[in-house]
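Here, residue 1 is the first one in the sequence, and each next residue gets the next number.
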Amino acid sequence: MSMNHHSKQRRGRKSAGWTTGTVAVAGFIMVWCFFLLYAHSSLHDERANDHPSVHHTDIQPLTKEVEASSQRKVVSTTKVGSSNPYYGWQPAIASEMTCPWRTCFEKDHSCSTCRDLPQDMGPPPPAAAHPDAWIPDVTMLHRMLSEGKDSRGNPWPPPPLSSDKELCEPIGVFGGRNDDNKKLFDQVPIAVQLPSAATKEPTIFCGIYTIQASHATNIRAMRETWAPQCNGFLAFSTETDARIPAISVPHDGPEEYNNMWQKVRSIWRFIGQHYLEDFDYFILGGEDLFIIPPNLRKYLQTLGSPEDDHFAGRRFKGGGPNNYFNSGGSGYVLSRGTLRKFFEIGLDHPRCNPNRHTPMEDVMTAECLRNAFSIGLTDTRDEEGRERFHPFSPGSHLQWTPPKAGKRDWYEDYNMEWGIKLGTACCAPDSVSFHYIKKTATVRHLYSLLYHCKAEP
C-alpha cells in the first residue's frame with residue numbers, strides 16, 4: 001500500500017472614438033451602481049425587518065482560546081476587501097424559539113424558528129453573467145468571526161439564546177432522548193483542541209459541494225456554526241449566492257450524482273485557479289459533512305510543510321489490487337503542494353480519467369494522485385489507532401458492530417486490511433470530521449455540545 005504515516009487566475013482594442021468609449025464607461029458605471037444599490041437595499045430591508053437583538057445566556061460561549069486563534073488566522077488575499085457589499089450579511093434570527101428545539105428534529109416540522117426556512121434567506125442577489133466575473137470572498141465568514149458582529153451589529157456567529165440550552169440535552173436523531181451522538185462525545189471524550197500560542201498553525205480552506213435547495217438548511221447551519229472557523233469557506237452549488245458565499249461552477253455533463261467526478265474536477269480547478277497560494281491545506285466534502293476546524297488545524301500541524309505531498313482523510317480499500325482512496329463522505333484534505341500538482345497537471349492528465357462520468361469522485365481523485373504523482377494516503381489515525389476522519393455520524397460509529405456470520409458489510413470490507421475499532425475506541429479525542437449529519441438541527445446540536453455546553457463529569 002502506498003501510504004505514509006506522516007507524509008507531506010485583454011486588453012481589448014482601443015475604441016473607435018472618444019464617444020464610444022465614454023458610453024461604454026458610463027454603461028459600466030450604471031451597472032455597478034445598480035449592483036451596489038441592490039446590495040444596499042437588501043441589507044436595508046433586512047434591518048427594517050430585524051428582530052430584537054439576540055440574548056446571551058449562561059451557556060458556555062466559544063472558548064476564548066479558540067476565538068483568539070480564529071482572530072490570528074485571517075488570511076490576506078487580493079480577492080477580498082471592503083468592496084464586498086455582502087460582508088456581514090446574516091438572516092434575521094428570532095430572539096426566542098417558538099417551539100422546543102426537539103421539534104426541529106422532526107421530519108416536516110412546522111416550527112418557524114428552526115432557522116431552516118427558505119423565506120428566511122430572501123431572494124439571492126443577481127449572479128454575474130460568467131463565473132470568472134466574480135471571484136468569491138472566501139475569507140468573509142472568518143473575518144466576520146474575528147470582528148464578532150454582523151452588518152446589523154448583532155453578535156456573530158449568532159450566540160446561544162436562552163432557549164438554546166435545550167441543545168445541551170440528549171436529543172436523538174428524531175428528537176427523542178436517546179442520543180448516541182452525545183454519548184460518544186461524552187464518553188471518548190471528543191473535544192475541541194486548543195491552539196498552541198507558541199506555534200503557527202496552518203491555514204485551511206473548506207469547500208462544500210451542494211445544491212441550491214440546501215442553502216437555507218444545511219449550508220446556513222454550517223455558516224452559523226463551524227464554517228467561520230475555516231480560514232476560507234465556499235459552497236459550490238447549483239446557484240450562485242454571494243451572501244453565503246456560494247458559486248455555481250460549470251462542469252462537463254449533467255448535474256447529477258452519477259457525474260460527481262466532473263463536478264469535483266471543476267471545483268478543484270476553481271480552487272486551484274483562485275486560491276492555491278492563499279491557504280496551506282484544502283478540505284472538500286458534501287453538505288452533510290461536519291468539521292471541527294481547530295482539530296483539523298491541530299492535526300495538519302503535525303504533518304510538516306504544506307508544500308510537501310499530503311493527501312489526508314479516512315482511508316478505504318476498495319476492490320482491486322491497489323484501490324486505496326480517502327472517503328469523500330468524511331472529507332479529504334490536499335496540501336498546497338499536492339493541490340498544485342493536481343491543478344496544474346493532474347486534472348487533465350490521461351492517467352486521471354479526465355473524460356469519465358462517474359459518482360466515484362473520491363476514488364478518481366486518489367487514483368489520479370497515485371498514478372500520476374505517486375502520492376499515496378496519509379494515515380490519519382492517532383497513536384492508539386483511533387480514527388480522526390469519520391464516514392458516519394458519531395452515534396453510528398459508537399453503535400457499529402460487525403455483521404453476523406455469513407453476512408457481509410461494505411464498511412467492514414473497505415477496512416479489512418487494518419480493522420475497525422469498536423465502541424468508544426472508534427474515534428480519536430481530537431476527531432476532525434463526521435459524515436451523514438443531514439438535519440440542520442443536528443448540526444446545531446453537535447456544535448453546541450462541542451463549543452457551548454458544560455462538559456459532563
Under a 3.5 Å distance rule, please check whether [X] uses its side chain to pair with a backbone N or O of [Y] as donor and acceptor.
| X | Y | result |
| --- | --- | --- |
| S393 | I437 | no |
| R297 | I204 | no |
| T238 | Q212 | yes |
| E106 | F174 | no |
| D120 | C114 | no |
| K298 | L194 | yes |
| R386 | A428 | no |
| K182 | L449 | no |
| S327 | R314 | no |
| Q187 | F185 | no |

Drop me the distance from [X]'s [atom1] to [Y]'s [atom2], to the nearest 0.5 angstrom.
| X | Y | atom1 | atom2 | result |
| --- | --- | --- | --- | --- |
| Q229 | I292 | CD | CD1 | 9.5 Å |
| L167 | L446 | CG | CG | 10.0 Å |
| T380 | N326 | OG1 | CG | 7.0 Å |
| R315 | N415 | CZ | CG | 7.0 Å |
| H274 | L276 | NE2 | CG | 11.5 Å |
| M121 | R243 | CE | CZ | 5.5 Å |

Chi angles and distances behind the side-chain contact (heavy atoms from CB on, under 4.5 Å) call for H142, F233:
CA-CA 8 Å; H142 194 64; F233 175 85; over 6 Å; no

So does [X] pair up with [Y], basic N to acidic O under 4.0 Å?
| X | Y | answer |
| --- | --- | --- |
| D164 | R115 | yes |
| K263 | E361 | no |
| R269 | D348 | yes |
| E307 | R340 | yes |

Verify the distance criterion only: is there a donor paired with an acceptor across the side chains of [X] and [Y] at less than 3.5 Å?
| X | Y | answer |
| --- | --- | --- |
| T217 | D116 | no |
| Y332 | T365 | yes |
| Q90 | R223 | yes |
| N295 | R388 | no |
| D180 | Q399 | yes |

Are E224 and I93 close enough, and set up right, to give a side-chain contact (heavy atoms from CB on, under 4.5 Å), and what steps lead you there?
CA-CA 11 Å; E224 295 176 2; I93 294 178; 4.1 Å; yes

Step by step, would you call R102 with E169 a side-chain contact (heavy atoms from CB on, under 4.5 Å)?
CA-CA 10 Å; R102 293 179 186 277; E169 301 172 1; 3.3 Å; yes

Just wondering, do [Y] and [X] contact through their side chains at under 4.5 Å, heavy atoms?
| X | Y | answer |
| --- | --- | --- |
| L334 | F311 | yes |
| Y299 | D382 | no |
| I190 | P429 | no |
| H445 | D179 | yes |
| T139 | F279 | yes |
| N181 | F434 | no |
| F290 | T442 | no |
| P136 | Y275 | yes |

If you look at every heavy atom in [X] and [Y], which pair is closest and at what distance?
| X | Y | answer |
| --- | --- | --- |
| T210 | A235 | CG2-CB, 4.1 Å |
| G88 | D150 | O-CB, 3.2 Å |
| E387 | S431 | O-OG, 3.7 Å |
| G328 | D362 | N-OD2, 2.9 Å |
| H357 | G253 | CE1-CA, 4.0 Å |
| P391 | Y411 | CG-CE1, 3.8 Å |

Qualifying residues under salt bridge (Lys or Arg N to Asp or Glu O under 4.0 Å), relative to K200, sequence neighbours excluded:
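Applying salt bridge (Lys or Arg N to Asp or Glu O under 4.0 Å) to K200 gives none.
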
For the cysteine pair [Y]/[X], does the gap between the two SG atoms stay under 2.5 Å?
| X | Y | result |
| --- | --- | --- |
| C352 | C368 | yes |
| C104 | C111 | no |
| C230 | C206 | yes |

Give me the ring orientation class for F205 and F236: parallel if the planes are under 30° apart, tilted from 30 to 60°, perpendicular past 60°.
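Ring orientation, 0 to 90° scale: tilted.
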
Taking the inter-plane angle between the rings of F392 and H397 on a 0 to 90° scale, is it parallel (under 30°), tilted (30 to 60°) or perpendicular (over 60°)?
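F392 vs H397 ring planes: tilted.
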
Does the gap between the ring centers of F389 and H435 come in under 6.0 Å?
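Between F389 and H435, the centre distance exceeds or equals 6.0 Å.
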
side-chain contact (heavy atoms from CB on, under 4.5 Å) between K183 and N178, worked out
CA-CA 9 Å; K183 289 178 184 177; N178 182 28; 2.9 Å; yes

